Amino acid sequence: MWQANAITNRLQVKWPILQAGMAGGTTTPELVAAVSEAGGLGTLGAGYMSAGQMRDAIRAIRARTDKPFAVNLFIPESCDGSQPVAESVSSVMNEVRERLGIPADPEVTRFAEPFEEQMAVVFEEQVPVFSFTFGVLEKRWLAELKQRGIITIGTATTVREAIALEASGVDMIAAQGSEGGGHRGSFLPDSPSNLIGTMALVPQIVDRVDIPVIAAGGIMDGRGIAAAFALGAQAVQLGTAFLTCVESGAHPQYKRSVRETSDEATVITRAFSGKSARGIENEFMTLLAPHDHELPPYPVQNALTRDIRNAAAKQDRTEYLSMWAGQAASLSREMSAGELVASLVEETERVCQGLLKK
């Protein structure tokens with residue numbers, strides 16, 4: 001049966017359905033708790049949160065559910081924010097700032113939240129599950145997580161990355177296909193050659209590692225879940241599907257754009273963050289596309305565009321808003337997270353039963 005396996009037993013959840021840890025305010029405590037209450041595993045996308053914000057959100061989740069949940073963070077990357085931004089890039093971004101009516105060349109003093117402080121909250125709050133992306137955890141972090149009984153999930157976009165994650169000692173691997181929305185979790189290295197689709201990636205990773213694999217990327221309904229299990233995955237992770245839920249913190253115009261998009265409307269861009277990410281194509285991406293090779297790396301570019309994204313959200317200007325979404329975004333639905341989990345379960349059951357009859 002697809003419902004009960006090594007992952008559900010280890011995570012202590014009813015259904016092998018994980019809500020992706022989408023950073024940036026989408027994964028509200030209400031959303032995370034609702035998914036967990038429905039029998040899945042909700043995930044707090046805490047990559048951009050300060051330690052204090054993380055602590056508040058985790059406690060807000062616990063006030064709403066006693067079920068297991070996860071916290072997701074980004075493996076820190078070295079950066080040099082002192083390097084001058086290319087004039088061509090600066091010029092385009094200042095032009096956008098002028099259209100939004102905000103100051104040019106804002107001073108940026110912090111490019112990323114201190115990982116040490118974020119991890120301290122993970123330990124202090126004794127979160128049940130810790131997932132991460134953009135690399136491999138340092139041995140000291142993984143050792144303490146294991147000592148505290150916290151389950152770990154790493155993100156891989158290639159077989160090589162999956163093998164590296166297994167060797168590091170993680171408990172499970174999220175195999176992120178290129179169809180998925182948001183940032184690519186690539187780290188060995190981040191290049192165009194790692195754009196492997198979920199259907200090709202999952203079975204290859206399953207055949208090369210001995211730990212459970214979670215399929216992610218382009219999965220929106222029971223058909224996708226059934227297909228992932230046929231490929232050897234023991235769970236699925238959905239992000240875009242939960243973006244349009246009632247409890248999601250995504251901007252209303254962002255939700256509308258996701259519901260109205262098409263299979264050809266998403267592209268992979270570095271414009272907003274300096275790291276490859278899939279989202280709904282808009283004017284900001286188009287303006288910076290000719291200057292891609294000049295963009296500062298992540299997390300510098302991400303910090304430099306924060307004022308633009310914040311102003312665009314306040315002014316309902318989706319042309320300058322980062323709207324991460326997967327290639328199957330048009331299959332999204334507007335309902336509560338609990339209703340979505342129930343629908344996914346019912347659909348998967350129907351697909352599996354239908355296949356057995358053939």
Side-chain angles (χ1 to χ4, degrees), residues 1-5 7-8 11-22 26-45 61 64-65 67-70 174 176-177 179-182 198-199 202 214-231 233-250 252 254-263 266 280 324-358:
M1 299 293 288
W2 72 276
Q3 304 100 316
N5 55 39
I7 287 184
T8 54
L11 296 179
Q12 296 184 5
V13 297
K14 185 175 183 180
W15 310 115
I17 298 172
L18 285 67
Q19 163 248 310
M22 300 168 282
T26 299
T27 55
T28 62
E30 292 81 6
L31 176 63
V32 176
V35 174
S36 291
E37 275 292 297
L41 185 78
T43 305
L44 176 68
I61 293 168
R64 291 168 170 81
T65 183
K67 301 294 195 300
F69 64 92
Q176 185 192 35
E179 301 96 323
T198 305
M199 184 164 285
V202 171
I214 302 160
I219 301 170
M220 296 290 290
D221 56 24
R223 293 171 295 182
I225 295 174
F229 276 84
L231 297 173
Q234 294 190 49
V236 293
Q237 179 173 281
L238 289 73
T240 305
F242 286 101
L243 272 176
T244 54
C245 283
V246 175
E247 301 89 344
S248 164
Y254 179 7
K255 289 184 178 182
R256 188 190 69 181
S257 295
V258 170
R259 292 193 302 268
E260 296 177 354
T261 194
S262 71
D263 57 329
T266 68
I280 299 172
W324 306 134
Q327 287 182 322
S330 66
L331 297 175
S332 61
R333 294 169 271 188
E334 188 175 11
M335 58 177 63
S336 72
E339 289 173 331
L340 177 57
V341 172
S343 294
L344 293 171
V345 171
E346 190 275 329
E347 291 163 3
T348 306
E349 291 280 5
R350 189 167 64 246
V351 172
C352 291
Q353 290 172 6
L355 291 172
L356 289 174
K357 293 177 181 177
K358 292 183 178 180

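Each residue takes its place number in the sequence, starting with 1. Remember, it's a predicted structure, so these values are computed and weren't measured experimentally.
Within the 4.5 Å cutoff, side-chain heavy atoms of Arg64 are placed close to those of Pro29. Using a 4.5 Å heavy-atom threshold, the side chains of Thr43 and Val32 count as separate. Inter-residue side-chain proximity for Asp263 and Gln327 is flagged as unmet; no heavy-atom pair is nearer than 4.5 Å. Side-chain contact check for Leu243 versus Met22: some heavy-atom pair is nearer than 4.5 Å. By the 4.5 Å heavy-atom criterion applied to side chains, Val345 and Ile17 are counted as neighbours. Residues Gln19 and Leu41 fail the side-chain proximity criterion, which asks for heavy atoms closer than 4.5 Å.
Using modelled atom types, no side-chain atom of Ser248 and backbone atom of Thr244 make a donor-acceptor pair closer than 3.5 Å. Within the 3.5 Å criterion, the main-chain N or O of Gly217 finds a donor-acceptor partner in the side chain of Thr198. Not one N or O on the side chain of Thr240 forms a donor-acceptor pair closer than 3.5 Å with the backbone of Ala325. In this structure, the side chain of Ser36 does not engage the main chain of Ala33 through any donor-acceptor pair within 3.5 Å. Put simply, the side chain of Thr27 gets close to the backbone of Gly45: a donor and an acceptor are under 3.5 Å apart. Checked by atom type and distance alone, the side chain of Thr8 pairs as donor or acceptor with a backbone atom of Asn5 at under 3.5 Å. A side-chain donor-acceptor contact under 3.5 Å links Thr348 to the backbone of Leu344. The backbone N or O of Glu247 lies less than 3.5 Å from a partner atom in the side chain of Thr28, making a donor-acceptor pair.
Side-chain atoms of Gln3 and Glu349 include a donor-acceptor pair closer than 3.5 Å. In this model, a donor atom of one side chain and an acceptor atom of the other lie less than 3.5 Å apart for Thr65 and Glu37. Donor-acceptor pairing under 3.5 Å is lacking for the side chains of Ser343 and Glu346.
Atom CD of Glu260 has more than 12 heavy atoms from other residues, nucleotides or ligands within 6.0 Å.
Taking both residues in full, the closest heavy atoms of Pro68 and Gln12 are given as CG-O, 3.6 Å, listed atom of the first, atom of the second, then distance. Scanning all heavy atoms of the two residues, the minimum distance from Gly224 to Ile219 falls at C-CG2, 3.8 Å. In this structure, Val246 and Ser336 approach most closely via the heavy-atom pair CG2-N, 3.9 Å. Looking at every heavy atom in both residues, Gly338 comes nearest to Ala38 through CA-CB, 3.9 Å. Here the shortest heavy-atom pairing between Ser262 and Ser330 reads CA-CB, 4.4 Å.
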For a side chain to side chain contact (heavy atoms under 4.5 Å, CB included) check, start with the C-alpha distance between Leu31 and Phe242, then their side-chain angles and the critical distance, and finish with the verdict. CA-CA 8 Å; Leu31 176 63; Phe242 286 101; 4.3 Å; yes
Determine, stepwise, if the pair Leu18 / Val236 fulfils side chain to side chain contact (heavy atoms under 4.5 Å, CB included). CA-CA 6 Å; Leu18 285 67; Val236 293; over 6 Å; no
Side chain to side chain contact (heavy atoms under 4.5 Å, CB included) assessment of Leu231 paired with Met199: CA-CA 7 Å; Leu231 297 173; Met199 184 164 285; 4.2 Å; yes
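Once rounded to the nearest 0.5 Å, the distance linking CD1 of Ile61 with CG of Leu44 reads 4.5 Å. Put simply, CD on Glu334 and CZ on Arg256 are 12.0 Å apart, with the number rounded to the nearest 0.5 Å. Taking OG of Ser332 as the start and CG of Asp221 as the end, the distance is 11.0 Å to the nearest 0.5 Å. Atom-to-atom distance recorded for Ile280:CD1 and Ser257:OG is 5.0 Å, nearest 0.5 angstrom.
Look at Glu347 and Arg333 and you find a salt bridge, because one of the NZ, NE, NH1 or NH2 atoms lies within 4.0 Å of a carboxylate O, short of that distance.
Ring geometry for Trp15 against Trp2 counts as parallel: the plane angle stays under 30°, on a 0 to 90° scale with 60° as the upper cut.
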